[in-house]
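Below: one structure, written as structure tokens.
As the structure is a computational prediction, the values presented were derived from the model and not from experiment.
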Amino acid sequence: MTIVIPLKGGSLSRTYRLPQHNIVRKEVSRIENREYGFMRWYSQLMKLQHFNQIYPGLFAEVVAVGSTGVDAWFDLKYLDGYRDIKSILSGEPLKEETIFKISKAVWKGLNTVHSVDRAPIPGAPSLYFREEVHQKLTDALKIPAFDEFFKHGSYTLNGEKVIGLTGTLAIQGPIHEFFSHLENDDECNIHGNPTLENIMYSFEEDRVVFIDTYEESMWNTKYLDYAQVLQCSRSHYGIINDNKVHVDDTNLHHAVELSRNFETFNKHFASELPEDKLKLIDILEATQFIRMLPFKLLAGDTDKAKYFYVHASKLFHEALDE
């Protein structure tokens with residue numbers, strides 16, 4: 001009898017542990033939602049293979065790949081003694097010095113990844129906006145239920161009034177203007193998707209191992225990686241995503257009790273961010289919640305897509321001081 005232990009991992013893929021083989025398998029359909037499912041799965045496989053060679057021991061090790069008539073899968077070596085940081089922080093209260101050690105380990109891992117420079121490509125920030133922000137919203141609006149919600153334009157999020165992004169995300173809008181005027185003079189290797197759920201930590205070894213990379217970022221800036229850590233530690237994406245959000249027409253809220261561990265981790269992680277890049281990082285954090293919209297909607301998670309869209313709107317307006 002084959003023992004299968006389901007794990008979280010991707011809106012359009014299936015991840016599970018096969019303990020008898022000491023592996024984790026990530027499986028995806030080769031037919032349904034190919035653009036946001038299979039093609040992302042494939043690019044992740046290629047990036048993991050590449051980074052396994054450049055950074056031995058820092059990324060999950062790919063040990064096999066295969067396919068059937070309708071599915072494809074790859075196997076990762078199981079990380080015995082490691083837990084994802086989101087789960088760690090969601091548990092029992094931790095001492096501040098323990099959380100500080102975890103934050104330092106995250107910074108050490110990210111700094112190692114970012115230590116390999118790339119030649120900056122002029123225009124990459126603008127391409128990032130068009131493909132990872134504007135295009136993702138355009139794709140999301142092809143889903144009638146989300147398009148109808150988007151047209152409301154004004155919402156209440158956890159008791160706070162929020163204005164949507166109608167016009168703000170237009171090709172000639174203020175967010176596009178912001179990205180169009182960015183100088184791209186600092187590129188490097190990046191993880192592309194280092195949410196706290198995608199960073200595994202070992203207390204015994206006091207180090208991290210990264211999983212679930214993302215290749216389609218369009219812009220290889222380390223500030224994008226920083227923003228995705230904040231997406232979980234400051235905006236609490238992972239823990240909210242694991243729970244129910246409540247959507248009543250244009251009123252949205254969650255009833256998740258957030259552990260103070262996240263606040264403490266965020267304090268230590270954010271203290272190392274470069275002060276002259278804080279506005280950029282804030283805006284990139286907001287973009288994360290737009291990038292995910294098609295994945296959520298195609299997976300049938302419409303309420304989460306609505307909730308995170310309104311949260312993104314709130315973050316954009318705060319960052320742009322509108």
Side-chain angles (χ1 to χ4, degrees), residues 7-19 21-28 37-66 72-89 101-118 187-233 237-238 265 269 288 291:
L7 302 171
K8 288 185 64 66
S11 300
L12 296 173
S13 60
R14 301 168 296 281
T15 306
Y16 49 91
R17 182 185 172 195
L18 298 171
H21 300 299
N22 202 35
I23 60 171
V24 170
R25 176 164 293 182
K26 187 156 189 175
E27 186 177 67
V28 69
F38 177 78
M39 295 310 298
R40 183 181 182 187
W41 171 93
Y42 175 73
S43 70
Q44 183 179 116
L45 170 64
M46 294 295 99
K47 190 164 189 173
L48 281 173
Q49 181 187 35
H50 182 49
F51 278 10
N52 281 167
Q53 292 181 303
I54 300 176
Y55 311 104
L58 188 56
F59 286 81
E61 181 183 350
V62 181
V63 295
V65 64
W73 49 264
F74 62 75
D75 291 341
L76 303 170
K77 185 177 179 181
Y78 179 67
L79 294 165
D80 195 21
Y82 283 77
R83 293 173 63 203
D84 72 273
I85 294 177
K86 185 207 72 177
S87 295
I88 292 172
L89 298 181
K101 283 184 65 177
I102 297 173
S103 176
K104 286 200 300 182
V106 172
W107 271 109
K108 182 178 180 181
L110 289 176
N111 287 339
T112 300
V113 176
H114 301 157
S115 66
V116 179
D117 293 332
R118 293 191 179 192
E187 286 199 46
C188 57
N189 281 349
I190 65 171
H191 178 292
N193 190 29
T195 61
L196 296 181
E197 194 170 66
N198 292 337
I199 308 176
M200 312 295 288
Y201 178 75
S202 166
F203 284 96
E204 182 178 351
E205 299 182 29
D206 186 28
R207 75 182 189 96
V208 301
V209 173
F210 295 113
I211 62 173
D212 279 6
T213 55
Y214 186 73
E215 184 68 290
E216 301 92 331
S217 296
M218 306 296 164
W219 182 24
N220 290 297
T221 173
K222 59 190 176 185
Y223 307 117
L224 194 56
D225 275 355
Y226 302 161
Q228 289 190 296
V229 175
L230 296 177
Q231 178 187 2
C232 275
S233 67
Y237 162 71
F265 176 90
F269 181 83
Q288 305 315 309
R291 293 171 76 187

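Under 3.5 Å, the side chains of Asn198 and Tyr214 contain no donor-acceptor pair of N or O atoms. Side-chain contact of Asp84 with Tyr201: a donor-acceptor pair under 3.5 Å is absent, judged by distance alone.
Between Asp212 and His191, the shortest heavy-atom contact is O-CE1, 3.2 Å.
Considering only residues two or more places apart in sequence or on other chains, Tyr42 meets the ring-ring contact (aromatic ring centres under 6.0 Å, His included) condition with none of them. Partners of Tyr82 under the ring-ring contact (aromatic ring centres under 6.0 Å, His included) rule, at least two apart in sequence or in another chain, do not exist in this structure.
For Tyr226 and His114, the ring centers sit closer than 6.0 Å to each other.
A distance-only check finds no donor-acceptor pair linking the side chain of Trp219 to the backbone of Leu224 [under 3.5 Å]. Side-chain N or O atoms of Tyr78 include none that pairs as donor or acceptor with a backbone N or O of Arg17 at under 3.5 Å. Between the side chain of Glu27 and the backbone N or O of Arg14, no donor-acceptor pair lies under 3.5 Å.
The salt bridge (Lys or Arg N to Asp or Glu O under 4.0 Å) analysis of residues 215-226, with sequence neighbours excluded, yields the pairs Lys47-Glu215, Asp186-Lys222.
Partner of Ile199 under the side-chain contact (heavy atoms from CB on, under 4.5 Å) criterion, chosen from Val106, Ile102, Ile88: Val106.
Lys86 and Glu197 are joined by a salt bridge, as a carboxylate oxygen and a charged side-chain nitrogen come within less than 4.0 angstrom of each other.
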